[in-house]
Amino acid sequence: MACLHDHSCEEHDCSTDWSLYKHIDLSKVSALNEARPGSVKSVFKAWEERLNSSGEHLESNEGDPELLVFIPFTSDVKIKSISIIGGADGTSPSKMRAFINRDGIDFSDAQSMQAIQEWELAENTQGVLEYQTKYSKFQSVGNITLHFPDNFGADTSKIHYIGLKGEATQLKRDVVATIVYEVMPNPSDHKTRAESSGGFSHVE
């Protein structure tokens with residue numbers, strides 16, 4: 001697995017530090033053609049838990065291997081790489097297409113629109129592969145939609161884990177508002193030098 005930055009990975013846990021898992025708005029994650037409604041949420045987990053499926057996974061409907069997964073973030077992010085752990089016996093997705101900052105994409109849209117990037121996938125049941133993005137195109141990502149049009153020959157597609165690596169580019173809106181408020185001091189909350197030492201007045 002390739003490191004995404006400059007330092008020794010033996011001394012630093014790159015995968016955990018660069019994981020975007022904590023920035024995913026899990027309550028708003030959704031999928032089209034999932035056999036069990038809401039099961040898509042189970043494939044998002046911490047990097048170190050990626051092989052712990054506990055029987056939970058995303059699976060397409062019988063006879064139709066196509067899946068479309070919508071992933072919104074709580075803040076804008078930059079995405080460096082994507083990892084997919086699929087099922088065994090031909091159920092792993094064989095191709096992945098990505099669209100960014102597009103809400104409400106359906107299968108018709110995905111099939112007719114130009115993806116920002118496409119990847120041919122390998123069967124990655126042990127979670128040792130990740131797919132690098134064209135990084136300059138994955139800046140200021142508010143949401144990403146992943147289209148999996150086919151698999152390796154099975155009647156259904158299965159995904160056990162979707163991992164995204166990168167970094168957040170801004171704080172959540174409510175946090176930013178609080179910070180803006182706090183950097184505008186209220187003079188009554190601060191002593192002036194004139195009050196404390198009889199010198200010139202300057203708000204600190």
Side-chain angles (χ1 to χ4, degrees), residues 1-6 14-15 17-34 39-45 47 50 57-60 64-87 91-124 127-152 157-173:
M1 189 185 309
C3 181
L4 303 173
H5 41 288
D6 297 325
C14 306
S15 301
D17 284 358
W18 289 75
S19 172
L20 290 173
Y21 168 64
K22 61 183 177 294
H23 298 290
I24 295 173
D25 191 347
L26 197 58
S27 66
K28 297 179 181 177
V29 167
S30 61
L32 296 183
N33 198 37
E34 60 181 338
S39 60
V40 64
K41 293 178 172 59
S42 70
V43 307
F44 298 96
K45 62 194 79 172
W47 170 259
R50 69 193 185 283
H57 61 271
L58 169 63
E59 184 172 5
S60 67
D64 185 359
E66 195 171 12
L67 285 166
L68 195 67
V69 179
F70 175 70
I71 310 164
F73 300 97
T74 57
S75 63
D76 285 354
V77 300
K78 301 176 183 179
I79 301 175
K80 294 176 176 288
S81 69
I82 303 171
S83 178
I84 305 294
I85 299 179
T91 61
S92 288
S94 60
K95 187 173 184 178
M96 176 172 66
R97 307 171 69 236
F99 306 88
I100 63 172
N101 298 333
R102 297 292 189 96
D103 295 332
I105 293 177
D106 59 20
F107 285 117
S108 178
D109 297 326
Q111 291 161 0
S112 62
M113 290 166 53
Q114 179 70 40
I116 194 169
Q117 189 172 348
E118 300 185 5
W119 299 262
E120 296 296 327
L121 305 182
E123 293 181 285
N124 180 36
V128 296
L129 299 175
E130 61 183 20
Y131 300 91
Q132 305 297 310
T133 66
K134 296 176 181 176
Y135 190 49
S136 62
K137 294 185 177 182
F138 286 77
Q139 309 287 304
S140 300
V141 179
N143 64 68
I144 184 170
T145 301
L146 299 178
H147 178 215
F148 303 96
D150 208 351
N151 62 17
F152 288 92
S157 291
K158 294 181 182 179
I159 297 176
H160 292 277
Y161 172 79
I162 296 177
L164 301 146
K165 291 184 187 176
E167 57 186 315
T169 58
Q170 68 180 42
L171 297 173
K172 294 167 64 174
R173 291 179 181 272

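Note: hydrogens, waters and symmetry copies are ignored here, and every other heavy atom, side chains too, is used. The chain is numbered in sequence order, starting from 1.
What you find for A110 and L68 is that their closest heavy atoms are CB-CD1, 4.0 Å. The two residues Y131 and A122 come nearest to each other via the heavy atoms OH-N, 2.9 Å. For the residue pair G127 and I85, the shortest heavy atom distance occurs at CA-CD1, 3.5 Å. For the pair S94 and F152, the tightest heavy-atom approach, listed with the atom from each and the gap, is CA-CE1, 3.6 Å. Across I144 and A98, no two heavy atoms sit closer than the pair CD1-CB, 4.2 Å. Closest non-hydrogen pair, L67 versus F107, comes out as C-CE2, 3.8 Å.
Side-chain atoms of N101 come within 3.5 Å of backbone N or O of N143 as a donor-acceptor pair. N124 contributes no side-chain N or O that, together with a main-chain N or O of G86, makes up a donor-acceptor pair within less than 3.5 Å. Judged purely by atom type and a 3.5 angstrom limit, S157 uses its side chain to pair as donor or acceptor with the backbone of P65. Judged by distance alone, with hydrogens and angles left aside, the side-chain atoms of N33 form a donor-acceptor pair with the main-chain N or O of D64 at under 3.5 Å. Checked by atom type and distance alone, the side chain of T133 pairs as donor or acceptor with a backbone atom of K80 at under 3.5 Å. At least one donor-acceptor pair under 3.5 Å links the side chain of T169 to the backbone N or O of D76. Counting only distance, with no hydrogens or angles, the side chain of W119 and the backbone of Q132 share a donor-acceptor pair below 3.5 Å. Under a 3.5 Å cut-off, the side chain of D106 and the backbone N or O of L32 do not form any donor-acceptor pair. A side-chain donor-acceptor contact under 3.5 Å links S92 to the backbone of G87.
For E118, the salt bridge (Lys or Arg N to Asp or Glu O under 4.0 Å) partners are K95, R97, not counting sequence neighbours.
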- [ ] Would you please test I159 and I162 for side-chain contact (heavy atoms from CB on, under 4.5 Å) and show each step?
- [x] CA-CA 8 Å; I159 297 176; I162 296 177; 3.7 Å; yes
Going through the distances and angles, do V43 and V69 end up as a side-chain contact (heavy atoms from CB on, under 4.5 Å)? CA-CA 11 Å; V43 307; V69 179; 5.9 Å; no
- Item | side-chain hydrogen bond (donor to acceptor under 3.5 Å, both in side chains) evaluation trace for S39 with E34 | CA-CA 7 Å; S39 60; E34 60 181 338; 3.2 Å; yes
May I have the step-by-step check of side-chain contact (heavy atoms from CB on, under 4.5 Å) for F138 and Q117, ending in yes or no? CA-CA 10 Å; F138 286 77; Q117 189 172 348; 3.3 Å; yes
Do F99 and I116 pass the side-chain contact (heavy atoms from CB on, under 4.5 Å) test, and can you show the C-alpha distance, the side-chain angles, and the key distance before you say yes or no? CA-CA 6 Å; F99 306 88; I116 194 169; 5.9 Å; no
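A donor atom on one side chain and an acceptor atom on the other are found under 3.5 Å apart for S27 and D25.
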